[in-house]
Amino acid sequence: MSTNSFQNNAFFGASVFGNAGGATTFESSIQGPSMLGPGVSAFGGFIGGSMGPGNQDSVFAVPVTREAKFGTGSQPGVSFGFKTQQGSVPTIKDNPGTTIHNAEDADNRVTRFTAVPIGNRYEELKENRIKEREDAIRRGAIPDPNKPRRLEDAITFIGICKDMCPEFERHEREYQQFLEKFEKIPGTESVDHSRAVKAYARPAAGVEQPLPSDVRPPGVLLATLEYLMTEIVGQGELADSHAFVRDRTRSIRQDFTLQNNRGVEAVHAHEIIARYHILCMHQLCENKNFSQQQETEQLRKVLTSLQEFYDDLRAEGVPCPNEAEFRTYHILSHLHDPDMIRQAQSFPQHIFQDPHIQIAVEVHALTRRNNNVRRRAKVQSEASPNFFSRFFKLIEGPKITYLMACLLETNFGDIRKGALKALNKSYLDQHEGFPVRDLVNILGFDDAEECIVNCLEYDLEVTNYDQPAVVFGKKDQISRRRIFKETTTIKQHRNERIVETKRQNYTTSQIIRGETPGPQQTSTAITRTFSSVPSLTSRKPFAVKEFQGSVFGRMATVPGSATAVAAGAVTSAAAAFAAQLGTTAASGSATFFDFGLGLPSSASAVRSSLPVIRPSTSNDTSTLNPTAPV
Amino acid sequence: MVELLVLLILTTQDSLMQEVRNFIREASGAFSRKDSNGICSLIMLDEGNPNLQQLQSALYNMTEDSIRTIVQKETKIESRQIKDFISHYLIFTIASCLNKPSMADVYELLSSCYGTFLSFYMPADAQWLTALLMNLSYSLIDWAILADQENPHAKELRISDAAAKHLSRAFNIVISDKVPNELEESKKMALYYLANLMFRVYFKLKSTRLMPTMIANISKAGVELSQYPMNQQVTHHYYLGRYHLYQLDLRRAERELSFAFRNCPIPSQDEETDRVIYNNSRLILMYLTACRLCLGRVPSGELLQAYDLHTYFTPLVTAVQFGNLALLRQTLTTPDLMFWFVRKEIYLLLKEKLTVLCWRSLIRRICLVSRRPTDPPQMRVQLGALLHIARTLTGDETYDIFDVECITASLLDQGYIKGYIHSQKKILVLGKTNPFPTIYTVEVIEEVLS
């Protein structure tokens with residue numbers, strides 16, 4: 001990772017942002033102290049910040065004329081809130097300089113001095129913008145808001161901002177104290193001009209139209225994205241920078257839109273942003289401040305834009321090497337929409353046949369189910385596969401890339417619900433339950449604990465005789481309907497076993513840049529991580545050979561000879577499983593329940609009084625169930 | 001000699017001018033008489049019409065301006081809109097007969113013609129023009145689609161899109177006709193005709209998501225589809241059927257498509273008409289077959305033969321009947337067949353649904369064949385046997401015992417099989433009565449949260 005980021009840093013640092021930001025900082029840091037002098041150092045910072053070094057008169061006028069709202073002669077009609085700083089102003093007024101001088105030693109003063117935004121030129125730049133806007137309108141760079149014009153005559157907006165963040169916004173946000181920690185000079189409240197990144201501004205009524213100097217051209221946007229991905233995302237925790245990166249990438253997309261740029265640069269940027277969102281949907285899904293719904297919303301927007309870009313570029317004959325990959329994400333992020341997958345059939349042939357798309361198609365078919373509760377006008381279709389075991393096996397296999405798995409993880413809860421519902425209708429509760437360890441395998445759970453908690457949430461019964469098992473097919477005493485709590489929705493869990501392992505040793509940066517391998521087409525047998533196929537060979541041969549000829553008597557093709565069902569590895573696999581379960585199942589039923597449910601364990605697993613884990617709906621959870629299956 | 005020639009040319013010119021004058025007089029006459037049939041026979045949009053060819057050759061040497069002048073002079077009607085309409089129509093007529101017309105230009109001319117028409121079709125008393133509206137709408141869409149075909153690499157079907165917007169204006173006029181007349185006397189007579197045209201464009205534009213609004217609006221209009229001519233009914237049911245098939249509402253799609261197929265006209269003696277009937281029936285049958293296969297209803301071999309669809313569907317039918325997963329996969333991966341299905345946008349539908357049905361039939365076959373006289377009366381299937389056969393058929397060694405168990409569970413859940421699984425013994429125990437219900441009778445179990 002580190003080598004990577006250094007290279008990239010060099011790439012953008014020298015070429016794009018080398019001059020402007022740095023120069024400003026240098027200039028102001030010299031001007032600040034020399035103009036204000038040591039006597040005003042205590043409050044000079046923020047005043048300088050507000051007025052800028054050019055207004056020396058007003059600097060000294062401030063402490064006395066605060067009631068005039070800083071409205072000095074040179075700043076007519078400009079007023080602004082100083083809520084955060086007001087507290088310090090009266091202090092200065094009451095004790096002009098002296099108290100502070102006496103109370104603080106020299107070192108402290110220096111710290112405080114550097115902590116305040118010296119050389120902030122917000123006011124000055126704000127003034128300049130009026131003229132700049134007039135100029136731009138006169139040159140025809142932006143449309144005149146007072147003159148209506150026809151759609152055909154719309155001006156192509158061209159941004160000229162050469163920095164990651166426009167100069168005006170840097171000063172404005174420093175002034176308004178809207179800087180994120182990634183944008184400040186460490187240990188201070190001042191803006192680091194070389195690290196500030198343009199924030200997303202919601203287009204709303206009353207917000208003035210951007211100037212060419214507010215918008216970054218495609219090259220700068222790509223360099224900005226590069227900076228975000230290497231210097232911010234690539235360093236430190238994903239969760240730490242998520243809100244910042246999410247906002248700033250949104251602003252990058254906005255700048256592309258403003259300039260109606262739908263070319264290869266836009267494609268490249270959107271692809272990276274999409275990968276970032278997908279990665280976050282898996283990595284951050286358990287974070288408190290993370291909203292899966294909001295992330296999905298942004299991801300879908302990015303992917304929808306990409307679909308349009310690809311369409312446009314294809315019409316122009318420009319190839320997009322990653323088209324299939326992102327069309328796949330688009331399908332996978334709309335897994336419940338039957339129309340989305342149908343549209344895949346109208347893709348160009350080479351895209352439709354691409355391994356990526358073929359996987360999306362496969363995933364889609366496997367996960368479709370019709371045992372959902374009817375919602376609004378949603379159609380429940382006949383003959384829906386709901387082949388959940390195949391789905392999770394596919395996820396484990398090499399065809400599914402890490403990012404696909406990250407994206408699909410959002411659907412795990414729903415697919416498992418469909419699975420448990422189907423299983424609940426297929427077994428009788430008087431039989432022994434379904435072993436949890438098998439269910440863990442089939443439904444891609446991380447461990448037995450997660451599986452059991454899931455089942456309990458759906459009001460399914462979990463027993464622990466010999467081994468933990470789920471009892472499917474329990475019926476309500478009165479209605480005789482099978483018990484299943486339909487309203488349950490399980491929060492997404494960050495899956496280690498089948499999703500995160502796909503990451504191998506790739507760095508965040510590599511994943512976001514698409515440097516990870518694509519779907520592997522090797523059709524070698526995928527054995528489950530710890531398979532436990534019952535030993536079929538130990539049974540009486542089940543007459544396969546006898547009826548092989550007659551079943552398909554009328555068929556043309558019956559490939560191959562009979563293959564023996566492998567059963568050799570069963571015992572060792574079971575042992576491996578026990579090891580995986582570690583202290584829980586392996587060490588017996590007594591400790592098994594100690595996984596945070598707060599349930600007392602009953603070691604005396606007498607068959608007549610089997611310990612039954614009850615769903616934790618009532619307070620009186622843990623008691624033994626008198627109607628335990630026998 | 002030369003003089004004679006000049007005279008000849010002049011007289012020919014003169015007689016041609018006379019032709020145009022006659023046309024204009026007749027048209028304005030028809031407008032003032034509100035003669036629906038008359039105006040429809042005058043405003044000819046069908047290229048094969050001999051009268052149209054005559055008019056086109058008469059107009060051939062005229063300029064746009066001279067047409068406008070002559071229309072001004074000859075029309076007896078005051079309405080400027082009608083004058084505009086006639087001149088627009090004449091200008092469009094010339095353009096449409098040019099040797100190599102730019103389709104987009106011709107469309108533009110027809111579009112302005114259509115626009116002026118709508119402006120005087122709006123008033124309540126314009127009902128008599130409804131027949132002409134239908135003709136014009138048809139041509140508008142036809143030319144728009146032609147124009148879009150002209151540049152196949154365009155980013156979007158811009159012109160069809162514009163035509164659809166135009167058409168929806170007409171549709172709104174028609175649907176909001178409040179005159180409480182008999183249907184024949186109402187503008188609503190054009191309702192389904194226009195709706196069908198809209199559907200046609202929507203399918204072309206791949207914007208079928210706009211259809212629900214249309215369908216809702218039509219149902220609110222309070223007119224019965226059965227009161228309309230059968231050709232419109234068939235077309236409407238066809239489009240609705242395809243739409244519901246897209247939405248995977250198989251039962252509804254089947255209803256619509258089977259109505260459309262059943263009511264296709266019986267072949268007559270006319271070869272040209274028969275060809276159209278055959279093609280339309282085949283189109284409907286294609287989707288109907290796909291839909292019914294997914295519901296477990298199998299068409300007869302003769303029917304598929306008769307419409308030349310057996311190459312595509314017969315292997316699928318066989319696969320589903322015998323539970324032959326290998327044949328199913330083979331059929332759906334044969335490039336020729338695959339791309340045909342993909343083009344018809346039924347590939348993924350068939351692949352998804354038929355796989356499920358195939359598994360059901362496979363289990364049924366195994367159950368029937370592996371039954372021995374000594375077995376207990378309640379039928380059962382060894383999941384191990386199912387696994388073995390599934391592996392052999394699919395050639396996919398990744399299937400394990402849990403996969404077949406889970407697939408069986410899904411079939412039990414949906415009601416395609418009746419019975420239960422004995423998990424420890426890995427046996428599927430079948431119900432005592434009718435363990436494999438006829439697929440067609442198995443309906444989705446609708447659950448509603450209480």
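Nothing here was measured: the structure is a model prediction, and the numbers come from that model. Note on naming: letters A, B, ... go to the chains in the order of the sequence lines (proteins, then strands), and numbering restarts at 1 for each one.
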Measure across B/Ser410 and A/Asn386 and return the closest heavy-atom pair with its distance rounded to 0.1 Å. OG-CB, 3.6 Å
Specify the closest pair of heavy atoms between B/Ala409 and A/Leu423, including all atoms of both residues, with the distance to one decimal. CB-CD2, 3.8 Å
For the residue pair [X] and [Y], establish whether any side-chain heavy-atom pair is separated by less than 4.5 Å.
{"X": "B/Glu405", "Y": "A/Asp438", "answer": "no"}
{"X": "B/Asp403", "Y": "A/Phe387", "answer": "no"}
{"X": "B/Leu250", "Y": "A/Ser381", "answer": "yes"}

Is the shortest distance from a Lys or Arg side-chain nitrogen in [X] or [Y] to a carboxylate oxygen in the other one below 4.0 Å?
{"X": "B/Lys206", "Y": "A/Asp339", "result": "no"}
{"X": "A/Glu382", "Y": "B/Lys353", "result": "no"}
{"X": "B/Asp413", "Y": "A/Arg369", "result": "no"}

Distance, nearest 0.5 Å, that separates [atom1] of [X] from [atom2] of [Y]:
{"X": "A/Leu428", "Y": "B/Ser423", "atom1": "CG", "atom2": "OG", "answer": "11.0 Å"}
{"X": "B/Cys406", "Y": "A/Leu439", "atom1": "SG", "atom2": "CG", "answer": "8.0 Å"}
{"X": "A/Gln345", "Y": "B/Leu349", "atom1": "CD", "atom2": "CG", "answer": "8.0 Å"}
{"X": "B/Glu352", "Y": "A/Glu362", "atom1": "CD", "atom2": "CD", "answer": "12.5 Å"}
{"X": "A/Gln380", "Y": "B/Ile445", "atom1": "CD", "atom2": "CD1", "answer": "10.0 Å"}
{"X": "A/Asn441", "Y": "B/Asp400", "atom1": "CG", "atom2": "CG", "answer": "8.5 Å"}

Tell me whether the guanidinium CZ or amine NZ of A/Arg390 lies under 6.0 angstrom from the six-membered ring centre of B/Tyr399 and within 45° of its axis.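 That pair qualifies as a cation-pi contact.
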Of all of B/Val442, B/Ile407, B/Asp249, B/Thr355, which one pairs up most often with chain A through heavy atoms under 4.5 Å apart? B/Ile407
Counting heavy-atom pairs closer than 4.5 Å to chain A, which one of B/Glu443, B/Arg251, B/Arg343 comes out on top?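 That would be B/Arg251.
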Residue [X] excluded, over 12 heavy atoms near [atom1] under 6.0 Å:
{"X": "A/Arg482", "atom1": "CZ", "result": "yes"}
{"X": "B/Lys344", "atom1": "NZ", "result": "yes"}
{"X": "B/Arg371", "atom1": "CZ", "result": "yes"}

Do the ring planes of B/His422 and A/His431 sit parallel (below 30°), tilted (30 to 60°) or perpendicular (above 60°)?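 Because their plane-to-plane angle lies in the 30° to 60° range, the rings of B/His422 and A/His431 count as tilted.
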Is there a donor-acceptor pair closer than 3.5 Å between any side-chain N or O of B/Gln424 and the backbone N or O of A/Gly433?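 Side chain of B/Gln424 to backbone of A/Gly433, a donor-acceptor pair under 3.5 Å: yes, one is there.
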Whether the side chain of A/Lys393 engages the backbone of B/Thr398 through a donor-acceptor N/O pair (distance < 3.5 Å, no angle test) should be reported.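 Yes: the side chain of A/Lys393 pairs with the backbone of B/Thr398.
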Heavy-atom distances under 4.5 Å only: say whether [X] touches chain A with side chain, backbone, both or neither.
{"X": "B/Val429", "answer": "neither"}
{"X": "B/Tyr416", "answer": "side chain"}
{"X": "B/Ile417", "answer": "neither"}
{"X": "B/Leu248", "answer": "both"}

State whether a side-chain donor-acceptor pair under 3.5 Å links B/Gln414 with A/Asn371. no
Residue pair B/Phe339, A/Gln353: steps toward the side-chain contact (heavy atoms from CB on, under 4.5 Å) verdict: CA-CA 11 Å; B/Phe339 289 119; A/Gln353 285 190 298; 3.4 Å; yes
Do you know which of A/Gln349, A/Gln343, A/Lys421 has the most heavy-atom pairs under 4.5 Å to chain B?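 Between A/Gln349, A/Gln343, A/Lys421, the count favours A/Gln349.
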What verdict does the side-chain contact (heavy atoms from CB on, under 4.5 Å) test give for B/Tyr420 and A/Ser426, after you've listed the backbone C-alpha separation in whole Å, the side-chain angles of each residue and the deciding distance to 0.1 Å? CA-CA 5 Å; B/Tyr420 64 88; A/Ser426 307; over 6 Å; no
How far apart are the C-alpha atoms of B/Glu345 and A/Ser346, what are their side-chain angles, what is the distance that settles it, and do they pass the side-chain contact (heavy atoms from CB on, under 4.5 Å) test? CA-CA 8 Å; B/Glu345 299 198 343; A/Ser346 51; 3.7 Å; yes
Please classify the contact between A/Tyr427 and chain B as side chain, backbone, both or neither, with a heavy-atom cut-off of under 4.5 Å. both
Check the pair A/Phe352 / B/Met338 against side-chain contact (heavy atoms from CB on, under 4.5 Å), numbers first and verdict last. CA-CA 11 Å; A/Phe352 181 72; B/Met338 174 175 169; 3.6 Å; yes
